[in-house]
Asker: 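Handing you this structure, nothing more for now.
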Amino acid sequence: MEPVHKYAHPAAKAVAGHARAIRRTSLAMVHAARLGHPGGDLSAADILAALYFHTLRIDPARPGDPARDRFILSKGHASAALYATLALRGFFPMTELSTFMEPLSNLNGHPDRNKVPGVEANTGPLGHGLPIAVGLALGARITSGAWRTFVLTGDGELQEGSNWEALMSARQFRLDTLTLIVDRNRLQQGDTTENTVTLDPLADRFRAFGWSVVEVDGHDVDSLLDTFAALPRDAGRPTVVIAHTIKGRGVSFIENRVEWHHRVPTGDELALALEELGRDA
Amino acid sequence: VIGLHDCRIAFADTLIDLAAADPRIVAVVNDSVGSSNLKVFKQRFPDRLVNVGIAEQNLVGVSAGLAGAGLMPFTCGASCFLTGRALEQIKADLAYSRHNVKLCGMSSGMAYGELGPTHHSIEDLAWTRAIAGLTVIVPADPIETTQAVRAAAATTGPIFLRISRMGVPVVHAAGYQFEIGRAAELRAGGDVTIIAAGVLVSRALDAADRLATEGISAAVLNMATIRPIDRDAVVAAARRGPIVTAEEHTVVGGLGSAVAEVVVESCPVRMKMLGVPGVFAPTGSPEFLLEHFGLTAAGIADAAAALVRG
């Protein structure tokens, strides 16, 4: 029998349960659509759960509230995880998830802010989320808005140069209400990140760009919640949370397998995966 | 109003007037405060001038974010870099996302003549015109520039404004009313229609004068909105006779192509498309290059006369 996990943060057990639901739901969506990116969905699930079920100041009944915290999923191909999160959080009915990538569905393979309540940016091409997040954080200052801005990128995505333009400007503008979370699962579509274009020493690179850097276990909900609660870490500096994750986390035959970037589980594989993920803690 | 005018002056004066009344307006630049003529704007509104440095992808992405914050960015940069370098951001972050950003492509066409084809912006209309939901406007003179900037601010949604730095004469009367999507007939005529935009409008009017001395009655349309194009005006012109288009842009995909798309579907007539004929321009002053490609009153008149005489 699996040992019972002891959570420290009062919200952690519930958040972990939501993360499990995001994993189960998104994997079933990919199976039904016969399309998707399950590896990246699973690696981001704990981060999304911590943000949407505890950290973000959001109201699903008022998705356009000007004062809301902003979250941008820059790795837009993890749309199934985002849609599952938004539906579980109450932004739209769970039943709509069954339309994922169907003809004329609102739930495109990559998210559309004009179609889906709670989506803040039309991502998909990589390296777009962070510049938009810089604008949102700068806009908060110019308009005296109280919101905070969060953006989740993949790690392979950091090979796009636009991110480094945005990193420089965020420090220049001293945007300490901006937090970048990197889903550091070390895999990209074709290989490891380090075999493709090396990102390490990643923390040093961010430090050299003037950001406040913190590294966490991206599947340790307690650490994520504590880290997000302690923002900003340095006045005048944006924060990057390097979340060390496992691509495909939670399903043994998907974990750390490069082909599961966009492989689709068969019915048998889905059943096995759901069994491994379990229902309740 | 005699002499030649740099439309960037009317652009900046208008933006300052608008910003004084509308706190949503911010200017966003890529180290282009000077080349976009925004020094006075920066003095007046230092907290509303955002300089992201030499980084066009970030320039447009940040602008989308500022719009998401409820602001109305006027995002200014040399048109060659603004459109070419940031095209995917223009497509995805602005047009597809429907963000209320006004892209201001400065010093467009061959205004940077001597600097060479890297700095010429003769593809920007083709690129931007291909993007759904993006309005594309090319003012012809300071009067139209002022009105186009005001119209852009009064319209919600992404708009590309192509602003020239090359001196142009005033072609519109003081009471002129610019309207997005509406061509202006600056000269009536029955034998041939010259459809021009931007820098070429004054040259089209001069061409019509030349043609009149040869007994040819040429209409002149200022097609300041390239997208959505004024289909009715194009069809009316085609019903009258042949059409010459003139633009400071490659003939591949610009104004001439936009007109031809309407003509072939609605009322096929013979056309001549004047512009840069699908090549990189040589080195030379803007004036030299326009002359080199026949983008002059004489060149336009010759093309029109040839169509009329068949």
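Just so it is clear: chains get the letters A, B, ... in the order the sequence lines come, proteins before strands, and each one is counted from 1. These figures come from a predicted structure and were not determined experimentally.
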Asker: Would you check, one step at a time, whether the test side-chain contact (heavy atoms from CB on, under 4.5 Å) holds for B/Leu66 with A/Leu138?
Answerer: CA-CA 7 Å; B/Leu66 290 167; A/Leu138 190 57; 4.1 Å; yes

Asker: Which heavy atom of B/Asn58 sits nearest to which heavy atom of A/Pro131, and what is that distance?
Answerer: OD1-CB, 3.3 Å

Asker: What residue, out of A/Ala137, A/Ser169, A/Pro125, A/Ala121, has the most heavy-atom pairs lying under 4.5 Å from chain B?
Answerer: A/Pro125

Asker: Counting C-beta onward and ignoring hydrogens, is there a side-chain heavy-atom pair between B/Ser97 and A/Arg113 closer than 4.5 Å?
Answerer: yes

Asker: With chain A as the partner, which of B/Leu71, B/Asp93, B/Val26 has the greatest number of non-hydrogen pairs under 4.5 Å?
Answerer: B/Asp93

Asker: Flag the one option from A/Thr149, A/Asn163, A/Ile142 with the top tally of heavy-atom pairs under 4.5 Å to chain B.
Answerer: A/Ile142

Asker: What part of A/Arg141 gets within 4.5 angstrom of chain B, counting heavy atoms only: side chain, backbone, both, or neither?
Answerer: neither

Asker: B/Val28 versus chain A, heavy atoms under 4.5 Å apart: side chain, backbone, both or neither?
Answerer: neither

Asker: What's the spacing between B/Ile54 CD1 and A/Met168 CE if we round to 0.5 Å?
Answerer: 10.0 Å

Asker: Determine the minimum heavy-atom distance between A/Phe173 and B/Asn51, stating which atoms define it.
Answerer: CZ-O, 3.5 Å

Asker: If you measure from CG on A/Asn122 to NE2 on B/His99, what distance do you get to the nearest 0.5 Å?
Answerer: 7.0 Å

Asker: Just by modelled atom types, is the A/Asn114 backbone N or O under 3.5 Å from a matching donor or acceptor in the B/Arg98 side chain?
Answerer: no

Asker: Give me the atom names and distance for the closest heavy-atom approach of A/Arg70 to B/Ala69.
Answerer: NH2-CA, 4.4 Å

Asker: Let me know if A/Trp164 has heavy atoms under 4.5 Å from chain B in its side chain, its backbone, both or neither.
Answerer: neither

Asker: Drop me the distance from B/Gln57's CD to A/Leu130's CG, to the nearest 0.5 angstrom.
Answerer: 12.0 Å

Asker: Say you draw a straight line from CD of B/Glu56 to OG of A/Ser162; how long is it, rounded to the nearest 0.5 Å?
Answerer: 12.0 Å

